[in-house]
Amino acid sequence: MNNAYLKKVYAQVEARDSHESEFLQAVREVFESLEYVIDKHPEWEENGILERFVEPERTVEFRVPWTDDNGKLHVNRGYRVQFNSAIGPYKGGIRFHPSVNLSVMKFLGFEQILKNSLTTLPMGGGKGGSDFDPKGKSDAEVMRFCQSFMTELYRHIGQFTDVPAGDIGVGAREVGYMFGQYKRITNRFDGAVITGKGIPFGGSLARTQATGYGLCYFSLEALKNLRNDSYEGKTVIVSGSGNVAQFTAEKCTQLGGKVVAMSDSQGYIYDPNGINLQILFDIKQKRRARISVYADEVPGSEYHEGCKNIWKVKCDIAHPCASQNEMDAEGAQALVDNGCMAVFEGANMPLNPEAIDIVKNNGLLYSPGKASNAGGVATSGLEMTQNSIRMSWSFEEVDEKLHGIMKNIYKACYDASVECGKPGDLMLGANVAGFLKVAQAMMAQGVV
């Protein structure tokens, strides 16, 4: 960074939050992009836009006591970071995972501001979660935890205040338990207070598929417009095997690609014939088993310990869909050496800065998660709309709206990259396009 204002504010963040590595990484990436537009907006410094942009409007931290099936008491930490409400109520998922801490919550909430801005829907940025691990827990244990979590969270949310959703470790089961407790405490059916609900009580068709499908719709636009290409005949790696990864694999298969490798936190599977998604879905959605089971049941497939080695599998397109910083310089270099042409992020910040530099410097197409995985929150916004107007749309209607939103996000990113003199730099474009809208709203609303 060369701009004095950007350097000053980043130094303040670094001094105050030196222990929050994920948050600092996210802020630095955005600030480096704003270098291209900061000189055109002296009013930002006069009104302290950046100082306010990097500080959450509100952060809530609380304890979550719960009992397991043996009657033993456990206490986890719960968080909700309400980061920015300039363009709408705070909106962002809830993550249940042992890695959750305040730095992770702040980085995710910060990214969510720009992601939600890119959708063009009226949603601010926020994020929440707990260091609770739902893996290996019974339904009754998960229910008791979710009820305890919502017993504190309910007082901080509302359809015009803050609308949570799911994320890693929080699917339809967890959302259902939390919504049930919210309804019980408040004595009202406030459907738009949380998204990712089940279809019988206000959920949206296509929401489950939305992040993965949206990733492929965005990627298809980039391939078509920047390379005159498509998924047809391409070999694809999709890291992870959760909701985002599963439906990324499904949609890119429908678009003519062949997914040959997927992973979980223990290792990865390789199937040269293409992953059998029916078997994978059964393992992950119904049995909640480890991905290694796939290799036991599908002849010709292989299981390898160590999920980071998945990037050594030869492919044309890589979709990192697991978690933050899952790809380092070694993984990125392996993709380059094997002739990969594109890396489109499905997770939030899955490439570390060194990996991003290697991917971009070697001419691969690259998109940041805040742009290419925005289909999930976009469809959450569509779920809120359906709840508010007391209507439900068909799968095809929602999917069509999602497709249109992702095409528009790509266009906004590309157009901003052109304005900045870096045509095709989708990371730069996403950061600039997302930030400009938020900055305009913050300017209009005064110093709040």
Side-chain angles (χ1 to χ4, degrees), residues 9 13 17 20 22-31 33-34 49-61 79-95 100 102-129 153 156-168 170 192-196 211 214 324 345 347-349 368-384 405 409 412-413 430-445 448:
V9 177
V13 176
D17 302 320
E20 296 177 350
E22 294 90 352
F23 178 55
L24 290 173
Q25 180 182 338
V27 172
R28 186 172 188 89
E29 180 208 294
V30 173
F31 275 24
S33 296
L34 296 183
I49 291 295
L50 293 181
E51 290 91 338
R52 289 187 283 141
F53 185 67
V54 297
E55 193 65 27
E57 293 175 12
R58 187 178 296 103
T59 301
V60 182
E61 184 175 343
Y79 303 89
R80 189 66 183 174
V81 177
Q82 297 174 330
F83 221 116
N84 190 292
S85 60
I87 60 175
Y90 312 106
K91 183 81 187 82
I94 291 174
R95 174 176 295 191
V100 165
L102 188 56
S103 176
V104 171
M105 292 293 94
K106 285 176 67 176
F107 124 65
L108 290 168
F110 182 78
E111 290 276 293
Q112 200 76 43
I113 303 168
L114 302 177
K115 182 188 302 187
N116 293 356
S117 173
L118 287 169
T119 70
T120 73
L121 300 174
M123 301 182 294
K127 205 75 179 185
L153 185 66
H156 306 292
I157 62 176
Q159 66 168 313
F160 300 112
T161 305
D162 183 356
V163 183
D167 194 76
I168 293 173
V170 177
V193 75
I194 190 168
T195 58
T211 309
Q324 67 267 11
E345 294 184 348
N348 294 303
M349 206 169 72
K370 65 172 66 73
S372 46
N373 80 7
V377 72
T379 307
S380 281
L382 299 178
E383 181 176 331
M384 292 165 64
I405 289 170
I409 291 175
C413 294
N431 288 329
V432 169
F435 181 80
L436 286 175
K437 179 179 176 182
V438 176
Q440 290 165 5
M442 291 176 70
M443 286 290 298
Q445 294 167 25
V448 293

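- When all heavy atoms of N116 and G124 are compared, the pair lying nearest together is ND2-O, 2.5 Å.
- Taking both residues in full, the closest heavy atoms of A371 and C413 are given as CB-SG, 3.8 Å, listed atom of the first, atom of the second, then distance.
- The minimum heavy-atom distance between R80 and P164, with the atom names listed, is NH2-CA, 3.6 Å.
- No side-chain N or O of Q324 forms a donor-acceptor pair with one of N348 less than 3.5 Å apart.
- Note: F53 and F435 have perpendicular aromatic rings, judged against thresholds of 30 and 60 degrees for the angle between ring planes.
- Contact check for L102 versus V81: side-chain heavy atoms found under the 4.5 Å cut-off.
- In this structure the side chain of I87 never reaches within 4.5 angstrom of the side chain of P122, judged on heavy atoms.
- The line from CD of Q445 to CD of Q440 is 12.0 Å long, rounded to the nearest 0.5 Å.
- Looking at heavy atoms from C-beta onward, M384 lies out of side-chain contact with Q159 at the 4.5 angstrom threshold.
- Using a distance-only test at 3.5 Å, with no hydrogens or angles considered, a donor-acceptor pair links the side chain of S103 to the main chain of E22.
- Under a 4.0 Å N-O distance rule, the pair D167/K127 qualifies as a salt bridge.
- Side chains of D162 and R58 form no contact here, defined as non-hydrogen atoms less than 4.5 Å apart.
- Checked for salt-bridge contact, K370 and E29 meet the test: a charged N lies under 4.0 Å from a carboxylate O.
- In this view, A26 and F107, F110, E111, M349 satisfy the side-chain contact (heavy atoms from CB on, under 4.5 Å) rule, not counting sequence neighbours.
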Run the side-chain hydrogen bond (donor to acceptor under 3.5 Å, both in side chains) check on N373 and E345 step by step: do they pass? CA-CA 7 Å; N373 80 7; E345 294 184 348; over 6 Å; no
I would like to know whether V30 and L114 meet side-chain contact (heavy atoms from CB on, under 4.5 Å); could you show each step before the answer? CA-CA 9 Å; V30 173; L114 302 177; 3.6 Å; yes
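- In this structure, E20 contributes its side chain and K106 its backbone to no donor-acceptor pair below 3.5 Å.
- Proximity of F23 to V13: side-chain heavy atoms (C-beta onward) are separated by under 4.5 Å at one or more points.
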As a quick check of understanding, evaluate side-chain contact (heavy atoms from CB on, under 4.5 Å) for I157 and I194, giving each step before the final call. CA-CA 9 Å; I157 62 176; I194 190 168; 5.8 Å; no
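- Contact record, K437 with L121: NZ-O, 4.2 Å, taken as the closest heavy-atom pair.
- E57 and S85 share a donor-acceptor pair across their side chains, judged by distance under 3.5 Å alone.
- Looking only at distances, no side-chain donor or acceptor of Q82 sits under 3.5 Å from a matching main-chain atom of P89.
- With S117 contributing its side chain and I113 its backbone, the two residues share no donor-acceptor pair below 3.5 Å.
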Does the pair Q112 and L108 meet the rule for a side-chain contact (heavy atoms from CB on, under 4.5 Å), with working shown? CA-CA 6 Å; Q112 200 76 43; L108 290 168; 5.8 Å; no
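- Between L50 and L34 there is a side-chain heavy-atom pair separated by less than 4.5 Å.
- In terms of heavy atoms, A374 sits closest to K115 at CB-CG, 3.5 Å.
- Judged purely by atom type and a 3.5 angstrom limit, E383 uses its side chain to pair as donor or acceptor with the backbone of G196.
- Side-chain contact between I405 and T120 is absent, with no heavy-atom pair separated by less than 4.5 Å.
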Does the side-chain contact (heavy atoms from CB on, under 4.5 Å) test come out yes or no for R95 and V104, once each step is laid out? CA-CA 10 Å; R95 174 176 295 191; V104 171; 4.1 Å; yes
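- Between A378 and T119, the shortest heavy-atom contact is CB-CG2, 4.0 Å.
- Side-chain contact, T195 with K91: a donor N or O sits under 3.5 Å from an acceptor N or O.
- The CG atom of N84 sits 12.0 Å away from the CD atom of E55 when rounded to the nearest 0.5 Å.
- Counting heavy atoms from C-beta outward, E61 and T59 have side chains that stay 4.5 Å or more apart.
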